[in-house]
Amino acid sequence: MSRYNSRASEAKWQRIWEERRTFEVRTDPSRPKYYVLEMFPYPSGRIHMGHVRNYTLGDVVARLKRAQGYNVLHPMGWDAFGLPAEGAAVRRGVHPRDWTWGNIAEMRAQIRSMGLSIDWRREFATCDPAYYRHEQAMFLDMVERGLVYRRESWVNWDPVDQTVLANEQVIDGRGWRSGAPVERRKLAQWFFKITAYADDLLAALDRLERWPEKVRLMQRNWLGRSEGARIAFELVGRPNRLEVFSTRPDTLFGASFMALAPDHPLTTELAASDPCLAAFVAECLRGGTSEAALETMEKRGFDTGLRCRNPLSPDRLLPVYVANFVLSEYGTGAIFGCPAHDQRDLDFARAYGLPVVPVVLPLGADPASFAIGAEAYLGDGTLFNSRFLDGLDVPAAKSRVIAELERLGCGRGEVTWRIRDWGVSRQRYWGCPIPMVHCAACGVVPVPKDQLPVLLPEDVDITGVGNPLERHPTWKHTPCPRCGRPARRETDTFDTFVESSWYFARFCDPTNPDAPFDRGAVAYWLPVDQYIGGIEHAVLHLLYSRFFTRAMRDCGYLDLDEPFDGLFTQGMITHRTYQDEQGGWLEPQQVVKDEAGGLRTRDGRPVRVGRVEKMSKSKLNTVDPSEIIEAYGADTARLFMLSDSPPDRDLEWTDAGVDGAWRYLNRLWRIVEERRERLPPVGSVAARAGLAGAELELARQTHRAIASVTDALERFHFNKAVALVRELTNAIEAYPGGDGALLREALEAAVRLIEPMTPHLAEELWERLGHTRLLADTPWLVADPALLAQDRIVLPVQVNGRRRSEITIAKGADSTTVEAAALADPAVRRALDGRSPRRVVVVPDKIVNVVV
RNA sequence: GCCCGCUUGGCGGAACCGGUAGACGCAAGGGACUUAAAAUCCCUGGCCCCAUGGGCGUGCGGGUUCGAAUCCCGCAGCGGGCACCA
């Protein structure tokens, strides 16, 4: 008998699907739709295992939904702008455009070899002017709607990538791509007003029920809503007042100092005439953002000599410090310190000998003796030492004090957010040009829409230093669209997260030349029903897209708040790591198993077996998907990806696991091949009634598999779905023979159910079973409820909660019958040992527990 | 430091609402076929014991319940997110 030839079979079916345009879809409002999307790839060169997992997961969903009768949109494209293309230009002298399109060609071929059910006609790359011209047009609309502004601000500067980073792109004080410590610079930047939607972005999270709670929580934390009060303190001997934000206005009577950020305007003003202060400020700003500096930095302050009046007791004067722990970007850049009820303020007060006055008394504490030691008291309690607030609890005191501040005209309730506006200016070449012109006379002028797109210049000199567009000899020179006099183009390009903030909408209508997309098309397809990708975008891409969708809505492009109805975040692919004696990393292929449990390289030197870690090039523990697909076929890779771990957990790549998947494909092939000659023809109807023995058992196994696999696939329990199909396979092998129509039904069910996971093998077997219609065009199966029902069931019997026996009894039998049968069971009688039961708990069709 | 999640055989993992713990697989051991190997097939398998039976078992210690991997309280370990956020 021939063996399964995965290479021939996969090529054959991929060709047939393409020729028959099996996976091409049209907007068709008469049919129910389902939009499955995987986070589109950056064309870095070659696909990695994370891509394979991502697209396999998406393809399972797409194929299932398609078989279930949905009109399924499942597209693929390229997140094609980005810095690595410029890196390649510097290192190899290749144009970023050529490098990018070359990578796309290579990666497209790799992805196509996976046999995904994708409508490839919809493919696009974001670096194509046909795409980014619409982005420029939408940007201009957002400018008009007041959702965009330009201002000078402190920015995160990545010294390696030579560009600005958004706050979301700084991880632990380092650039998210380069890993270099981020510096602070002051630059004029374009911003999207994401903060204008902060309230809605937060509130709507509660309605995203098909998102992982973890992602919603991370976005909630990132948005960082704080309720409190803005309070104005009178400065002694100065006309202006000092404003602070506090979430604990109730502790105002416990205030003992004020503190300003080192770059607060008042600090800057005072430092101008105070060299000592100026030196202190310089030292604070130098400390900067590196991890180590932050962790070891102690609370330090500089007394400015200024004094503030506590607005609730103007006779109390508070010293004004400049302190290194106050952030200029948060709140007002100034605080009042209440050491008794804030740990950081307490540390500061102890260091500078400031009073510590408790104003919240813990429940049951004695007001005469209660004192603050080394730890501030943060809990609830009763206000004291606070005049008109005395006796109130904390929430009541907050509202009471805010009312009083408002009456005095020196404060009001306020909500502060952690999230900042999204800075999108990047000083790079390989990005979407920002369609603006700077004119000496007219200021900043938008490029008129009829002059779009603003194309990138082709002839560019990329050296890795500075902004290539800025250095280009002619590109930036352009007449002012308003007055016609010589002016200068904006030379910054967009953050590439702008492109990925709306690509899901473009897939609905990817070739539209006049608009980003047709309203009708997005009204039909959006939101994305199932989005799948990595958790690393929990607050980057996923937050930006939610913002951008709202901004597009308010500019009239679509009628939608949330782009992604369902989100699934997959785990990482991991692999064992190996190191030689010197600590250098070794590839898995360089390591041979050693009988002593250790391992050695080909040249016989000992090897340190390291931890299982995320696949990464630096640790040499990657496996190239193309090599696996070449050797075993795409179906093997797909099956392995799905069967070993639940998709949201990390998956350890092992050769043994791949072999296991490969063996199963061949086993299923053999089982079908061995039996298909003897089967009745296609369309034979399997008997439902009058079945008994092995035939009844097989029919039940088949229908139980149909029900359980469907359920498992719908809940993303793909590892279980694989296990359940394997169970059916085992049942088919155990079937001694008999009714051939039942056997055909079982074999067809196994093939049908495995198809979303291993589509090539399934099509091949489907054809060999005699079908002429594609399996991909064949509807999903529905289990016969009559075969799911059992008339007699096995019921475990416990004595005092310990399982002692089991009885077989009619399903739905009443408690009296079950109880009698249980007590009559010999094993139960033995366990009772003559004692009479005090109580018998019968849970119908579940269990019996005899209590003595 | 704060917030979240996880902890089940040698390993990956099943166990839906509290109801037979360990499905399915990997690795292992034994056997069959073969001159041999590969491939394939069959058997065994949580741990322990006076073994047709019994005891103990889901990180550890308590609790609730007829019954707990599942619920509650405390602790430990691992992973992740945020972090001078006022």
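Residue numbers begin at 1 in each chain, while the letters A, B, ... track the order of the sequences.
Taking every side-chain heavy atom of A:Arg670 into account, B:C41 is the closest of B:G53, B:C41, B:G19. Comparing atom distances between the A:Pro796 side chain and each of B:G55, B:U20, B:C66 picks out B:U20 as nearest.
With a cut-off of 3.5 Å on both pairing distances, the Watson-Crick or G-U wobble partner of B:G79 is B:C4. With both pairing distances under 3.5 Å, B:C33 is matched to nothing as a Watson-Crick or G-U wobble pair. As the counterpart of B:A14, no nucleotide is assigned, since no Watson-Crick or G-U wobble pattern has both distances under 3.5 Å. Checking B:A23 for Watson-Crick or G-U wobble geometry (two distances, each under 3.5 Å) identifies no partner in any strand. In this structure B:C60 sits in a base pair with B:G74, meeting the Watson-Crick or G-U test at under 3.5 Å. Under the Watson-Crick or G-U wobble criterion, with both distances below 3.5 Å, B:A28 is paired with B:U44.
Distance check on atom C1': B:G74 versus B:G80 gives 24 Å, rounded to whole Å. Remark: the separation of the P atoms in B:A69 and B:U64 is 16 Å, to the nearest Å.
Between A:Ile671 atom CD1 and B:C41 atom P the separation is 8 Å, expressed in whole Å. Rounding to whole angstrom units, NZ of residue A:Lys214 and C1' of B:C4 are separated by 7 Å. Note: CZ (A:Arg418) to P (B:C2) measures 18 Å, nearest angstrom.
Residue contacts for A:Arg838: at a heavy-atom cut-off of 4.0 Å it reaches no nucleic acid atom on any strand shown. Within 4.0 Å of A:Arg804, counting heavy atoms only, lie sugar-phosphate atoms of the nucleic acid but no base atom. As judged by a 4.0 angstrom heavy-atom cut-off over every strand, A:Leu217 is placed among residues touching the sugar-phosphate backbone only. Nucleic acid contact for A:Val326: base, since at least one base atom lies under 4.0 Å from a heavy atom of the residue.
Syn is the conformation of B:A51, whose glycosidic angle sits no further than 90° from 0. Base orientation of B:C42: anti, since the glycosidic angle falls outside 90° of 0. With a glycosidic angle no further than 90° from 0, B:G9 counts as syn.
Between A:Ser328 and A:Asp263, the side chains place a donor N or O and an acceptor N or O closer than 3.5 Å (distance only, hydrogens not considered). Judged by distance alone, the side chains of A:Thr574 and A:Asp650 never bring a donor and an acceptor atom under 3.5 Å apart. Donor-acceptor pairing under 3.5 Å is recorded for the side chains of A:Asp814 and A:Thr817. When only modelled atom types and interatomic distance are considered, A:Tyr664 and A:Ser643 share no side-chain donor-acceptor pair under 3.5 Å. For the 3.5 Å distance criterion, the side chains of A:Asp659 and A:Tyr632 qualify, holding a donor opposite an acceptor.
Of the residues near RNA chain B, A:Glu806 and A:Ile335, the one whose nearest nucleotide (by heavy atom distance) lies more toward the 5' end is A:Glu806.
Without hydrogens or angle criteria, A:Tyr330 side chain to A:Arg418 main chain gives no donor-acceptor distance under 3.5 Å.
Between A:Trp662 and A:Phe640, the distance from one ring center to the other does not fall under 6.0 angstrom. Checked against a 6.0 Å centroid threshold, the rings of A:Phe348 and A:Tyr321 count as neighbours.
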Going 5' to 3' through nucleotides 22-27 of chain B, assign each nucleotide B (protein heavy atom under 4.0 Å from a base atom), S (under 4.0 Å only from sugar-phosphate atoms) or - (no protein heavy atom that close). -BSSSS
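Using bins of under 30°, 30° to 60° and over 60° for the plane-to-plane angle, the ring pair A:Phe336/A:Phe233 lands in the tilted bin.
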Test side chain to side chain donor-acceptor pair (under 3.5 Å) on A:Gln570 and A:Arg649; report intermediate values, then the result. CA-CA 7 Å; A:Gln570 71 193 60; A:Arg649 286 202 215 168; over 6 Å; no
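Sorted by residue number, the members of residues 843-852 of chain A with any non-hydrogen atom under 4.0 Å from RNA chain B read A:Val843, A:Lys846, A:Ile847, A:Asn849, A:Val851.
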